[in-house]
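Note on naming: letters A, B, ... go to the chains in the order of the sequence lines (proteins, then strands), and numbering restarts at 1 for each one. Just so we're clear, the structure is a prediction, and the values are computed from it rather than from any experiment.
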2 protein chains.
Amino acid sequence: MNLALINIRQLLTVSSGGRRVKTGEAMRDLGIIENAAVLIEKETITWIGRMEDLSMGSLKESDVLDCIDKVVMPGFVDAHTHLVFAGSREKEFAMRSAGSTYQEIAAHGGGILSTVAQVREASKKDLKKSGRKWLNALLRHGTTTVEIKSGYGLDMTNELKLLEAINELSEEEVISIVPTFLGAHAYPAEYKNRKEEYVREITDRMVPYIGSKKLATFCDVFCEEGYFSAADCKHILTHAKHFGMLPKLHAEELSASGGAELAASLGAVSADHLEHITDEGIDALARAGVVGVLLPGVSFFLNHAYAPARDLIEAGVPVALATDFNPGSCMSYSMPLMMTIACTQMKLSPEEAITAATLNAAAALNLSQEIGSIEIGKKADLVLLDIPNYAFLPYHFGENHVDKVVKNGVVLEV
Amino acid sequence: MNLALINIRQLLTVSSGGRRVKTGEAMRDLGIIENAAVLIEKETITWIGRMEDLSMGSLKESDVLDCIDKVVMPGFVDAHTHLVFAGSREKEFAMRSAGSTYQEIAAHGGGILSTVAQVREASKKDLKKSGRKWLNALLRHGTTTVEIKSGYGLDMTNELKLLEAINELSEEEVISIVPTFLGAHAYPAEYKNRKEEYVREITDRMVPYIGSKKLATFCDVFCEEGYFSAADCKHILTHAKHFGMLPKLHAEELSASGGAELAASLGAVSADHLEHITDEGIDALARAGVVGVLLPGVSFFLNHAYAPARDLIEAGVPVALATDFNPGSCMSYSMPLMMTIACTQMKLSPEEAITAATLNAAAALNLSQEIGSIEIGKKADLVLLDIPNYAFLPYHFGENHVDKVVKNGVVLEV
């Protein structure tokens, strides 16, 4: 099946010119074409240009999608979520408003381990059912590729249940899914006093099995004093690489713990969070070309510090934006709202926010050769927006501007 | 026409018990009924109770709306907007991200006066067309009553054009509209060096005409050093009261200028913004029972200080939330998103945020005897939400949870 998008008011190609990521000034170049057209054959973009250069004669009427008054851009890539979970944590939200600390919430049975308890209780079928509902919501909001982490199982059985749910959803659903193994998300209650044993459980049992079954593209770790030390993380990620999983890190979220430097030394694909990154950490990421995945929704939701986005961009770190969608620290899957928070609170320009949510986000999943920009040969994942120009995407906030989504060359009415 | 809402999972009556507003601890009482029903005759609520107490025999099937799995609550009241405007100001949004100050933006032709120039150019028909589009969006997001200010005309002709547009929309549209005259929003360029003359133009020409033609329920002023001094504001609002308009103030937004004390001494219905209110100002509002209308979206959008919401509530000020929807300082009409910002950034509890967006917001428009809660005799303005419990309204953010809106007893598919 072929498709022609015509009369596009404003097309953002976010063209990379063959580069894996955009850094520095290049993040502001959205490769804009006014009054544009895009041709698609099957799942692939085959032509991009101005309407005046399009030969309409060869188009079948049934293949034409009129995009008059629409902004068209690459589908959003959400490179950091915990989308498959059970239960909800609205009580913690209310406790935080009332001034409770993280420790008080945990003492009341809240925090990650409360979600772990509910995930362990849930069947794979139930996890998939709730995951499917969220995935549909993501598509409605313009996200065409999403990374999903395990990490609410924290034992062999339940981490596998999560990864199988994620992989089955990937087979069954339209949205593209990238699975990540995050066994080192927290210490399960039963290993509270024997943390080294849990690390060994990850390296000696989980990683070899998950790697050999190819259940995860990435292995992620929560690198933080009191959670998994830089030494633990290095040990786990080195094992994971050996078994074919690429490294990612939750780094510098609550304090400067050396996660950024470790990400650089391991050649990690991304280092995520970075709220407390040091200047040395920034330099290390920039030199190694590690994508910095920023999660402004978490800082907003928890009323925590924001990552130093301007310092990262100015140092040449390729910056991406993601939602971190999860029930505890960011109950939102709206990539445009993350852009608004990034622009208002972290001083990204609208152009930088868009590059960070598309091309650079694709690079954070090692997929920027296939998705994240509108270029010949790339996959036809696009979003049609009901806005007068691209700046309205972060500017006019609290509204879903998505008119239609084109996923794998197929038009979805969302 | 009659209507029966049955099987409501969770009904928030926000019952006031006949009080005009809720203050202090009472703001946390949402008057919740689980598994509830509401009966409506024509435009009016006639019965509220538990399903087990409902006599189903007398109901016609065609009058029944099954609200299984739905939270039902009063329609949102947005008590502070500038919804009828021309043009947009996304360029200023980008300039702020790049670090520009208010003064730099004004020097580049931005700020309120840029909207004034575009409103003066626009026809009433065009203003109504754009206003109608926004009003439909508000309804889709659950707002059933909205206040709209003039203040982008800043001369007799154009203030009247705006107020006529607002009043005609009020006649023609389903959503309830409360018109406010805000001639003292800024000084127009042509009066830059003769500010007293502009104040006289307001008091001697605009106020008498607008008052006598009943074009506005309220008169509002921007009370701020460098804009309209407390003395100017007192003069204008005293005149406005004489001509039948009730006083409102933009108070303490950029600095402590005595607007709160003035609001109290004039018996104003509301004092809005309050980002820089002093302890004395808080005491004055509490003693006079003036509603404090907080606008968290502005603080978020501009990255400015937030109003001291907890101090206000603890002092007994009746606190309301509104969007301030306008193209310069808050390009959003989502009341639920304002609740999320209020909970995360100002430490309102979900319950307080809901009371502030319904009953207390109605009180900020002098309408809390008619709307803002679900009580027998009140107008049937309700919203049906697709959420498991009310806390999800602020918790699960960046999504429009509105399933249906009941406006004046009529079910709207939004």
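- Across A/P327, A/G99, A/A353, A/A137, the residue that shares the most heavy-atom pairs under 4.5 angstrom with chain B is A/P327.
- Between A/G398 and B/S332 the shortest heavy-atom distance is CA-OG, 4.0 Å.
- Contact record, B/S97 with A/S349: CB-CA, 4.3 Å, taken as the closest heavy-atom pair.
- Looking at B/A94, both its backbone and its side chain come within 4.5 Å of chain A, counting heavy atoms on both sides.
- In this structure, A/S88 and B/F392 have side chains that are in contact, with non-hydrogen atoms separated by less than 4.5 Å.
- Atom CG of B/N389 sits about 8.0 Å away from atom NZ of A/K91, to the nearest 0.5 Å.
- Other residues, nucleotides and ligands contribute at most 12 non-hydrogen atoms within 6.0 Å of the CD atom of A/E121.
- In terms of heavy atoms, A/F300 sits closest to B/I341 at CZ-CG1, 3.7 Å.
- In this structure, chain A has heavy atoms under 4.5 Å from both the backbone and the side chain of B/P394.
- Between atom OG of residue B/S334 and atom CG of residue A/L337 there is a gap of 9.0 Å, rounded to the nearest 0.5 Å.
- A donor-acceptor pair under 3.5 Å is absent between the side-chain atoms of A/Y395 and the main chain of B/M331, judged by distance alone.
- A 4.5 Å side-chain heavy-atom check between B/N303 and A/K347 finds at least one atom pair inside the cut-off.
- Heavy atoms closer than 4.5 Å to chain A are found nowhere in B/R310, neither backbone nor side chain.
- With hydrogens and angles left out, the side-chain atoms of A/E90 and B/H396 include no donor and acceptor closer than 3.5 Å.
- Ranked by heavy-atom pairs under 4.5 Å with chain A, the list B/G297, B/C343, B/A98, B/A391 is led by B/C343.
- Of all heavy-atom pairs spanning A/C330 and B/F397, the tightest one is SG-CZ, 3.8 Å.
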